[in-house]
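Note that the numbering runs from 1 along the sequence shown for the chain. Predicted model only: the values in this text are computed from it and were never measured.
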Amino acid sequence: MEELKKLYREATGLDVAGVEAIPGAGSNRKYYRLKGSDGSTLIGAVGTSRDENHAFCYLGKHFTEAGLPVPQVIAESKDGLRYLQSDLGNQSLFDALKGGREAGGRYNAHEKELLSRTIAALPAMQIRGALGLDFTQCYPQEALDETNVLFDLNYFKYCFLKATGLDFHELKLEASFQLMARDIVSIPGGAFMYRDFQARNVMLDSQENPYFIDFQGGRKGPVQYDVASFLWQASARYPKKLRQELIKVYLQSLKQYQEVNEKQFRQGLQLCVLFRLLQVLGAYGFRGYFERKKHFLESIPPAMESLRDLLVEGGCPYPYLNEVLTSLVSMPQFKPEKKENTKRADGFKTTEINPYPSHPQDGPATFSRYDAQGPLVVRVFSFSYKKGIPEDTSGNGGGYVFDCRSTHNPGRYEPYKQLTGLDEPVIRFLEDDGEILTFLESVYKLADAHVTRYIQRGFTSLMFSFGCTGGQHRSVYSAQHLAEHIHKKFGIEVHICHREQGIEQVLTPARCMVFAAGLGTRLKPLTDTMPKALVPVAEKPLLEHLLDKLKASGFNDVVINVHHFADMIEDWCQQHPMGMHIWFSDEREQLLETGGGIKHAVPLLRDAGEGFLIHNVDILSNADLRALAEAGKGRAATLLVSERDTQRYLLFDDDMRLVGWTNIATGEVRSPYPGLDPKLYHKYAFAGIHYMNPLLFRYFDDWGDKFSIIDFYLSVCDKEPIYGYIQPGLKLLDVGKFNTLKEAEEFVKA
């Protein structure tokens, strides 16, 4: 440090008034912010490689002279181990993108603008920066060559591939590597290849203009490499659509400096993406598996996800390498858990966001997902104290451990020794005795308060553990009942693990599908410029009113179908985190009506357990959605109905089972029961809110892409139990016409 202070004094003539260490990342260099006696600051770097430091200083001076956005090199020490550069502040592009990154790749308009500015500035660095550059000054070599490519590929082989234990043929893999190295070096271009171009190496000034740092590893090479490095950065999770938009921005900027053959560029880019992914996996393997650095370990899953996507798209043209990589991404530790044609989060971690497959009739996938910070996932364990307290795999360290051994133990009695706390005789014993119920009363109060605050604060993981002597009776009963209590009260995802019994269970979150695809023609002229879902009522969009209600009712998983101004709805959801999981069922190509909309979204709904709620976005009500969901369990479908005046009514028998439909103005009747007389049945109006069991999906095969859900219900009500549900005191408003908006404002304020 004294040598660095000395260099500062020699360069500025000022004394050092303060030193602030700056956290590093993967590099062995150390950085410090040096504050002078006049209040100004410079960044001091201390490295272990003279050649690497020299490369940075040479390149920095060259780029500064070329007018490129890089830090100015102020001074170098004689021993080549230290240098000073201008201070670009504390805001990196990586920091500025934190919100979108933590939201699983949901970047807002401002974040996208920062990305566009950055990638638009890259061609100047690559093309203008190469003019007059002495590439022999680069470190460790002047150009990307086959030796360099093979080094990185073997780095992947030895530091990552072998560490996984996957069996492969050394000679065949080496042959693939040789072909790949030849092809990469053959990509046209003599530009400056930044090599480590990523958000962490971009600083933003006070006007949020990008400045490039850490380019000391740069050399001559193809421009596609930096694009791959930037857009396929594992932890960034840039959505495919955003990547394509940014590639267009880059190409437009690149055309200012040279002619561009876009087809040739994209072919080279695909190859560079494959190379970059293998390269970074090698680094993650070494830094993560061997050096145990958390950041690199956390980067492995998204990198594997990107590699998996690339392989699906045919991004590896080398047959044996493709075979090895396909086996690699299919290994248990990397393969996402699948459940009925959908990809769900792995284990107890719910922050991993995996794309859903397309609807069988859709072609390319048409679903995207936004996750706010949350929602909360609760894990509940039972265990034996003899075998230790369960490990907190979330890394949060949060939660409670309860000791059940103060309560009466049924395991002391012969009839119960082979049973568990899930068996009816043990349950009766514990509840008749009563001690366990008194114990759980206090646990419920504590758990309810804690879960409520965790949801409010956007936390994502909470753990409860119950221990007893053998982990068989009292702890199992307590864990199961708390889990069911939390799931029923809050509607969130709860994982249950009865460790000593080898029993695991997931109570899935309450799910809702929101119909928001309609054209909203009755709300014109407002819907000429916005979707019906975003029409404001009391200064809040209809969609926000509904999401607030759903969240308060415990529905944290929401599927929204979109068509009219779909982008506006998706952007609004991205910019207004609600602490929910939100998927979009894309109907841009064709509006599918209510039944077709549900059919199209089947891949997002088929794992909804006993059922899911369906709610029109333009319905305001005081409906008790939890009560409707409870009434719907065990039934094929349950429809919220009322006695309001209308021309069209659903018909129900004395048990409130659906039997038909009638239009009292025209006398039309629809029913699967021939000759049904509507005068003999109860008439109720449908409220636009219902609860459906996925078991009905098997009947969708007989229907096309576009149909009404009421027509569907009428066609199957003789085969499956579809019921009406009446809520006493129901107040409901259909915000379907322009003249109802004032009434709607009064409704929500009441």
Side-chain angles (χ1 to χ4, degrees), residues 1-98 114 117-118 121-122 124-125 128-129 132-134 137-139 192 194-218 295:
M1 178 55 64
E2 288 305 316
E3 291 294 322
L4 194 60
K5 289 181 179 180
K6 179 182 177 182
L7 181 63
Y8 179 90
R9 286 192 295 269
E10 292 173 352
T12 66
L14 301 172
D15 290 327
V16 176
V19 178
E20 174 193 353
I22 299 175
S27 171
N28 290 322
R29 290 181 303 281
K30 295 181 180 179
Y31 295 97
Y32 303 89
R33 177 169 285 109
L34 305 177
K35 185 176 182 181
S37 54
D38 65 347
S40 63
T41 59
L42 293 175
I43 300 300
V46 179
T48 57
S49 169
R50 291 178 175 84
D51 292 336
E52 189 176 35
N53 288 354
H54 171 75
F56 176 85
C57 292
Y58 168 78
L59 292 170
K61 292 175 181 177
H62 173 80
F63 294 147
T64 298
E65 291 174 1
L68 297 172
V70 299
Q72 182 181 358
V73 177
I74 307 299
E76 302 173 64
S77 65
K78 293 180 180 179
D79 62 5
L81 294 177
R82 299 163 189 82
Y83 58 86
L84 300 173
Q85 66 183 56
S86 56
D87 188 357
L88 298 175
N90 293 313
Q91 177 81 334
S92 71
L93 179 62
F94 183 85
D95 296 331
L97 300 177
K98 181 179 180 181
L114 293 178
R117 288 188 198 177
T118 301
L122 176 60
M125 185 85 165
R128 279 175 45 202
L133 179 63
D134 181 2
Q137 301 294 316
C138 294
Y139 174 85
F192 174 76
Y194 196 118
R195 195 170 183 272
D196 199 19
F197 188 64
Q198 56 170 300
R200 291 180 183 274
N201 291 337
V202 178
M203 303 299 294
L204 302 177
D205 67 9
S206 58
Q207 303 300 314
E208 295 191 312
N209 295 310
Y211 278 73
F212 302 156
I213 63 172
D214 280 7
F215 39 76
Q216 59 275 354
H295 162 68

**Report entry** Ring centre gap for F212 and F63 strictly below 6.0 Å
**Finding:** no
Query raised in the report: Should M125 and F215 count as side-chain neighbours, where that means a heavy-atom distance under 4.5 Å?
Result: yes
Query raised in the report: What residues, two or more places apart in sequence or in another chain, satisfy salt bridge (Lys or Arg N to Asp or Glu O under 4.0 Å) together with K6?
Result: none
Report summary line: Per side chain to side chain contact (heavy atoms under 4.5 Å, CB included), L7 is matched among L34, T12, L84 by L84
Requested in this report: Kindly compute the distance separating CZ (R82) from NZ (K5), expressed to the nearest 0.5 Å.
Outcome: 13.0 Å
Query raised in the report: Is the backbone N or O of G80 less than 3.5 Å from a side-chain atom of H54, with the two atoms forming a donor-acceptor pair by type?
Result: no
Query - Ion pair check, E76 and K61, cut-off under 4.0 Å - result: yes
Query raised in the report: If you measure from CG on N201 to CZ on F94, what distance do you get to the nearest 0.5 Å?
Result: 11.0 Å
Query raised in the report: How close do Y211 and V70 get, heavy atom to heavy atom, and via which atoms?
Result: CD2-N, 3.7 Å
Query raised in the report: Does Y83 reach the main-chain N or O of F56 with its side chain, forming a donor-acceptor pair under 3.5 Å?
Result: no
Requested in this report: Search all heavy atoms of D95 against all heavy atoms of Q91 and return the closest pair with its distance.
Outcome: CB-OE1, 3.9 Å
Query raised in the report: Going from CD1 on I213 to OG on S92, what distance comes out if it is rounded to the nearest 0.5 angstrom?
Result: 7.5 Å
Query raised in the report: What's the spacing between L59 CG and Y139 OH if we round to 0.5 Å?
Result: 13.5 Å
**Report entry** Distance (rounded to the nearest 0.5 Å) between Q85 CD and T64 OG1
**Finding:** 10.0 Å
Query raised in the report: Residues in salt bridge (Lys or Arg N to Asp or Glu O under 4.0 Å) with R128, at least two apart?
Result: none
Query raised in the report: Is the closest side-chain heavy-atom distance between V19 and Y8 below 4.5 Å?
Result: no
Query raised in the report: Can you find a side-chain donor-acceptor pair between R33 and N90 that sits under 3.5 Å?
Result: yes
Report task. Mind checking the OH-CD1 spacing from Y32 to I22? Nearest 0.5 Å is all I need. Result -> 10.0 Å
Report task. Please determine, by modelled atom types, if D51 and S49 share a side-chain donor-acceptor pair under 3.5 angstrom. Result -> no
Query - For P69 against P210, the heavy-atom pair lying closest together - result: CB-O, 3.4 Å
